[in-house]
There are 2 protein chains.
Amino acid sequence: MYRIGLFSKMTKVTIKALRFYEAEGLLIPDYIDSESGYRYYSSSQLPLAYRIVSLRQCGFPVAQIRQIIAGKNIAKLFVEQRSKLEEEVVETARRLTSVNHYLDSVANAENTSYDIVLKELPSVLVYSCRMVVDSYDDYFTVIPKIGEEISRANPDLCCVDDPPYCFIMYHDGEYRDQEIDIEFCEAVASRGKETERISFKEIPAVKQAACVMHKGPYSALSYAYGALFRWIEDNKLIMAGNPRESYIDGIWNKSHSENEWLTELQIPVTTG
Amino acid sequence: MYRIGLFSKMTKVTIKALRFYEAEGLLIPDYIDSESGYRYYSSSQLPLAYRIVSLRQCGFPVAQIRQIIAGKNIAKLFVEQRSKLEEEVVETARRLTSVNHYLDSVANAENTSYDIVLKELPSVLVYSCRMVVDSYDDYFTVIPKIGEEISRANPDLCCVDDPPYCFIMYHDGEYRDQEIDIEFCEAVASRGKETERISFKEIPAVKQAACVMHKGPYSALSYAYGALFRWIEDNKLIMAGNPRESYIDGIWNKSHSENEWLTELQIPVTTG
DNA sequence: GGTCACTCTCCAGTTTGGGGAGAGTCAACA
DNA sequence: TGTTGACTCTCCCCAAACTGGAGAGTGACC
């Protein structure tokens, strides 16, 4: 019979942890002196202690270990743990890539480092207008016209603003700077009257999109695109939908300074 | 100016998290109504919110993010995080291998599954006797003789028993069942008189050893060795020292039943 | 009997928020 | 103007797997 300190040395489990495992019902001392409260362990408990340590080193939480020791759902628990760990490997690799990305921009002494985020895009009801424009400069003339057209056809159409979502979706497979095939969209609360060019549609949700916020004039958007595409590639992700450019702050509310404009780039991705 | 619920939707950060980030000094609302206590965020805070989300997705704890936002130690923090994540990848891969090992033994319906553990072996002062024996059966005759010899030379030699550590180290590169080159060792409190065959020495610490507890007669030890070697190989670890067989319970204290005997196998390893 | 190492129980803290109670606020609608 | 419903506030408790410390009791040795 060993006292807790000795058993702790034998198993390399701290005294605190041994007491914790007792409270959790994992490893009850062979004998507890009812007068002093001293715990006494026997060598025949070493295999169980080892089993606990081994399962902890596999990353099992205590509740699962309790079940495994009791012989319940053993295969199921191991299979679940395997898939949990497999996900964890992928996730950690992704984090590593992102950190390396940040380190690259630090090393290159770039003045802006892009904060790229993975998130879900919920499904959304929009009015949309697809068209081919000559150049990016056309946006400033074309888009206001769409706004006029839709509100003429639907005087009391209600665009959602909780939050607002107004974006252009790029239908070209890759970057172009002329004859750009775009679809202008704005989230609305409900469908309205369509016109020849403008229709209503539900854009389905996207499970994962790589997103980056760009602050400043549109002329610098290409750097953000560059960083975002590089990030996606480095993370071995695959583009799974058309990129969107969501306009948050712009000439309509921050006309005094292009530097305050905010645009979010969103690219649906999958792990393949 | 957006209220917290809207800002939460825009950033995909929960309200709870936004309040938490405020308490932590990461993201202070642009304006707080002193009467109602309502928090109001502005769109110009979106980039900061993004930055926080992005860094959290990289696995940074809040304290580090606070420093990064403040522009302190940026490069250092990223480098540290990189090495932390690199370790984590290795560790998770190891866990995955171990879980797969368990699953193998479940799938093969083996009656015993071995609980393999990585641990440190501290340095230890021992008396030791190296010899070549014909077969494993010789242990039972040879070892008692060593015990007699050492206590004849050192009548009041004190073997440590906090905890006791008595083992055989195998000097053959691989498994043999005859002419086995072994070194019998037992931990002692201090050096004593040496004999022709028995000397005192300090065995250096081992940073990592893969260990398994074997319960039962010595004839079944080979299965434990098999499992242990397979585990080491699957984990892409490299043997970094001679295997040890540590005798915990045996004929000396559990003479009534071989099934109660406990032996721990210890193999020093490195990640290469 | 004194000393020292060991052990006991109980409480607090770690991290990143989640859940809920009870109360106050805002905007719209009748 | 009153009411309703959605939102928000603060405050408190909870998680996981322990670690650290306080204050008190125990065991062994000199």
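Naming convention: chains lettered A, B, ... in sequence-line order (proteins, then strands); numbering from 1 in each chain. Only this structure's heavy atoms are used, side chains among them; waters, hydrogens and symmetry mates stay out. Here the structure is a predicted model, which means the values were calculated and not measured.
Ion pairing between a basic and an acidic side chain is recognised when a charged N comes within 4.0 Å of a carboxylate O; A:E22 and A:R39 show such pairing. A salt bridge between A:R66 and A:E24 is present, with a side-chain N of the basic residue lying under 4.0 Å from a carboxylate O of the acidic one. The pair B:K119-B:E264 counts as a salt bridge, with a side-chain nitrogen and a carboxylate oxygen less than 4.0 angstrom apart.
Separating the CD atom in B:E91 from the CD atom in B:E86 is a distance of 14.5 Å, to the nearest 0.5 Å. Put simply, OH on B:Y40 and CD1 on B:I4 are 11.5 Å apart, with the number rounded to the nearest 0.5 Å.
As a whole-Å value, the separation of A:D162 CG from D:dC7 P is 8 Å. The distance between atom CD1 of A:I32 and atom C1' of C:dT7, rounded to the nearest whole Å, is 13 Å. In this structure, B:I4 places its CD1 atom 12 Å from C1' of D:dT10, rounding to the nearest Å. We find that CG of B:L18 is positioned 16 Å from C1' of D:dT10, with the value rounded to whole Å. Rounding to whole angstrom units, CZ of residue B:F7 and P of D:dT8 are separated by 13 Å. The OH atom of A:Y2 sits 18 Å away from the C1' atom of C:dC6 (whole-angstrom rounding).
Defined by atom type and a distance below 3.5 Å, a donor-acceptor pair is present between the side-chain atoms of A:S123 and A:E202. Side-chain atoms of B:N154 and B:Y127 form no donor-acceptor pair, as typed in the model, at a separation below 3.5 Å.
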Per-nucleotide protein contact string for nucleotides 9-19 of chain C (B base, S sugar-phosphate only, - none; heavy atom under 4.0 Å): BB-----BSSB

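Relative to the six-membered ring of B:F167, B:R244 meets both conditions, a distance below 6.0 Å and an angle of at most 45° to the axis.
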For nucleotides 25-28 of chain C, list the nitrogen or oxygen atoms of the protein found under 3.5 Å from its nitrogen or oxygen atoms, one pair per line.
unit_1	atom_1	unit_2	atom_2	d
C:dT25	O4'	B:Y38	OH	3.3
C:dT25	O2	B:Y38	OH	3.4

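Where B:G5 and A:G59 each meet DNA chain D at their nearest nucleotide, the meeting point lying more 5' is that of B:G5.
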